[in-house]
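To start, the structure under review is shown below, and the notes come after it.
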Amino acid sequence: MTEFFSGLPKARFEGRTGDNDFAFRHYDPDLVLMGKPMRDHLRFAVAYWHSFAWPGGDPFGGQTFERPWFGDTMDHARLKADVAFEMFDILGAPYFCFHDADVRPEGGSFAEDSARLDEITDYFGPKMEETGVKLLWGTANLFSNRRYMAGAATNPDPDVFAYAAATIKTCMDATMKLGGENYVLWGGREGYETLLNTDLARERQQAGRMLQMVVEYKHRIGFQGTILIEPKPQEPTKHQYDYDVATVYSFLREFGLEDEVKVNIEQGHAILAGHSFEHEIAMAASMGIFGSIDMNRNDYQSGWDTDQFPNNIPEVALAYYEILRAGGLGTGGTNFDAKLRRQSLEPADLILAHIGAMDVCAAALKIAVAMIEDGGLEKRRAQRYAGWDGSDFLERDLAALYDHVMAVGLNPAPRSGRQEALENYVNRFAG
Ligand code: XUL
Ligand code: CO
């Protein structure tokens, strides 16, 4: 055991009446809802990067956190892993997610970085075995190092493309070795800063070919997990190619990958794209590409990706409602891609942030389950489209529909969309 979390208790479910900040009030992992335990509905994951690699900086100042594992040796990386697995255990978090750059220090060469990734993931193996904590997804950090400043797959320099491809291979190998259930690609710098120096058609071809290579390699090594793209409209680049779910879907179709790749939808990214989280989930489900979620919240006033822990129960309830309608998370999960505020210095802050977030999701899930079980929204939705039952209008053509309108003297009567009634209905459960 390390000293870092010493004195902090293991988080347990104590119900709504207690006064223990370190207990769950809603997250009761064994509680069965719609035939499966809450743990399996929510599939919580801790994001290694925000909790263990982020130093607390912002554009105006650097590090505020002092962590004993900050440093660039493999001893630091092992201490970081020790603390991370202690936190997973304290929280009872069943999964974690990582980038290569979060878990091992960068060395002087590609070969050294790969060897270090191998070494640290070998160090994870027994810890995963011992704690039962599993890998939700692995990913490659193709955005922090300056070599990627003009993109990874979409870089104007083919050598950077090759370097990125080789790096993805090592991260897919590591994910497979650890039994990861998904592999994520977030195009952090796959976009442009200025159109004046950018060849859009060429960059899209490069991105499409890289993703095809990822899928080819998945099949070559027999990786059973799901390949996920994480849409985001901008930040760090002015414009990113994976703008939102609908954009990603059309990109997947252009490269014949719509049956191979799904999306990992992040709440904050949805907001940046001008959508709600539930919109993006529902859109993905309607296209058959819903995969997983990165759970956080953005500050609605600041207009950038603040990656805060979620705390708005009714809002999150609508997201889980769409997830349940989509058939649940499948191989995906609820990854807390969220970071502390930079004044939250204490080890306890890390624990309390996650306990609160897990509780928000659990409370939201209960609301979503109640709405699904009641069936009121789906009944009302079905009523709204009932006129289409048995209709053959989609099989006719313009001239046939013209004849029909003329023959019966058609004059459709508008009907209420009942938005306020529906919002009132939701608040019966969420209020
Ligand atoms: C960035 C972001 C990433 C991805 C993984 O906004 O969300 O952390 O989740 O690269
Ligand atoms: Co994310």
Side-chain angles (χ1 to χ4, degrees), residues 27 33 36 38-51 93-98 134-139 180-186 225-233 242 244-246 248-249 261-273 275-298 305-339 353-354 356-369 372:
Y27 181 53
L33 298 168
K36 77 181 172 191
M38 236 183 192
R39 178 192 292 107
D40 299 342
H41 276 286
L42 294 163
R43 297 167 59 83
F44 288 133
V46 172
Y48 214 96
W49 51 102
H50 285 317
S51 288
Y95 289 98
F96 72 112
C97 300
F98 71 89
K134 294 183 281 186
L135 178 61
L136 184 65
W137 46 264
T139 187
E181 298 187 22
N182 306 269
Y183 183 83
V184 164
L185 297 114
W186 169 58
T226 310
I227 305 290
L228 299 168
I229 291 249
E230 184 173 323
K232 186 175 183 181
D242 302 332
D244 61 2
V245 166
V248 167
Y249 183 66
V261 178
K262 294 183 160 40
V263 280
N264 179 40
I265 301 170
E266 177 163 324
Q267 197 265 11
H269 298 179
I271 304 299
L272 282 182
H275 302 306
S276 66
F277 194 20
E278 64 271 22
H279 162 96
E280 288 292 80
I281 296 166
M283 184 64 79
S286 77
M287 293 165 159
I289 57 166
F290 174 65
S292 193
I293 57 170
D294 269 12
M295 176 60 80
N296 53 30
R297 94 184 127 100
N298 269 11
D305 192 13
T306 57
D307 280 336
Q308 292 169 250
F309 284 88
N311 75 350
N312 185 329
I313 294 172
E315 189 177 66
V316 175
L318 291 177
Y320 280 110
Y321 183 77
E322 295 300 337
I323 291 169
L324 292 175
R325 278 186 75 216
L329 282 165
T331 68
T334 301
N335 172 43
F336 291 114
D337 194 352
K339 57 184 182 237
H354 283 90
M358 290 161 84
D359 250 356
V360 165
C361 294
L365 176 73
K366 285 192 281 187
I367 293 168
V369 165
I372 291 277

For [X] and [Y], which heavy atoms make the closest approach, and how far apart are they?
X	Y	answer
G268	N298	O-ND2, 3.1 Å
G332	S292	CA-OG, 3.4 Å
F290	A326	CD2-CB, 4.2 Å
C97	A45	SG-CB, 3.9 Å
I289	K262	O-CB, 3.2 Å
I265	A284	CD1-CB, 3.8 Å

For a 4.5 angstrom cut-off between non-hydrogen side-chain atoms, does [X] reach [Y]?
X	Y	answer
V369	L324	yes
L135	F96	yes
C361	M295	yes

Exam field: side chain [X] to backbone [Y], donor-acceptor pair closer than 3.5 Å:
X	Y	answer
N335	D294	no
D307	K339	no
H269	P231	yes
D359	Y27	yes
N182	L136	yes
R43	T334	no
N264	E230	no
H41	L33	yes
E280	V245	yes

Quiz prompt | Pairing residues for S286 by the side-chain contact (heavy atoms from CB on, under 4.5 Å) criterion, not counting sequence neighbours | solution =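 For S286, the residues satisfying side-chain contact (heavy atoms from CB on, under 4.5 Å) (neighbours in sequence not counted) are M283.
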In Å, rounded to the nearest 0.5 Å, how long is the span from [atom1] of [X] to [atom2] of [Y]?
X	Y	atom1	atom2	result
W137	I227	CH2	CD1	12.5 Å
R297	Q308	CZ	CD	4.5 Å
W49	F98	CH2	CZ	10.0 Å
L318	I281	CG	CD1	9.5 Å
E322	F277	CD	CZ	11.0 Å
L228	I293	CG	CD1	12.0 Å

Quiz item: Under 3.5 Å, is there a donor-acceptor pair between the D242 and W186 side chains?
Solution: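 On atom types as modelled, these side chains do not qualify, holding no pair under 3.5 Å.
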Practice task
For K232 and D305, run side-chain contact (heavy atoms from CB on, under 4.5 Å): C-alpha distance rounded to whole Å, both residues' side-chain angles, the deciding distance at 0.1 Å, then the answer.
Solution key: CA-CA 10 Å; K232 186 175 183 181; D305 192 13; 2.8 Å; yes
- request: Go through the steps to decide whether F309 and N296 satisfy the test side-chain contact (heavy atoms from CB on, under 4.5 Å), and finish with yes or no.
  value: CA-CA 5 Å; F309 284 88; N296 53 30; over 6 Å; no
* **M358 vs F336, side-chain contact (heavy atoms from CB on, under 4.5 Å): CA-CA, chis, key distance, verdict** => CA-CA 9 Å; M358 290 161 84; F336 291 114; 3.6 Å; yes
Between H354 and S51, does a side-chain contact (heavy atoms from CB on, under 4.5 Å) hold up when you go through it step by step? CA-CA 10 Å; H354 283 90; S51 288; 3.2 Å; yes
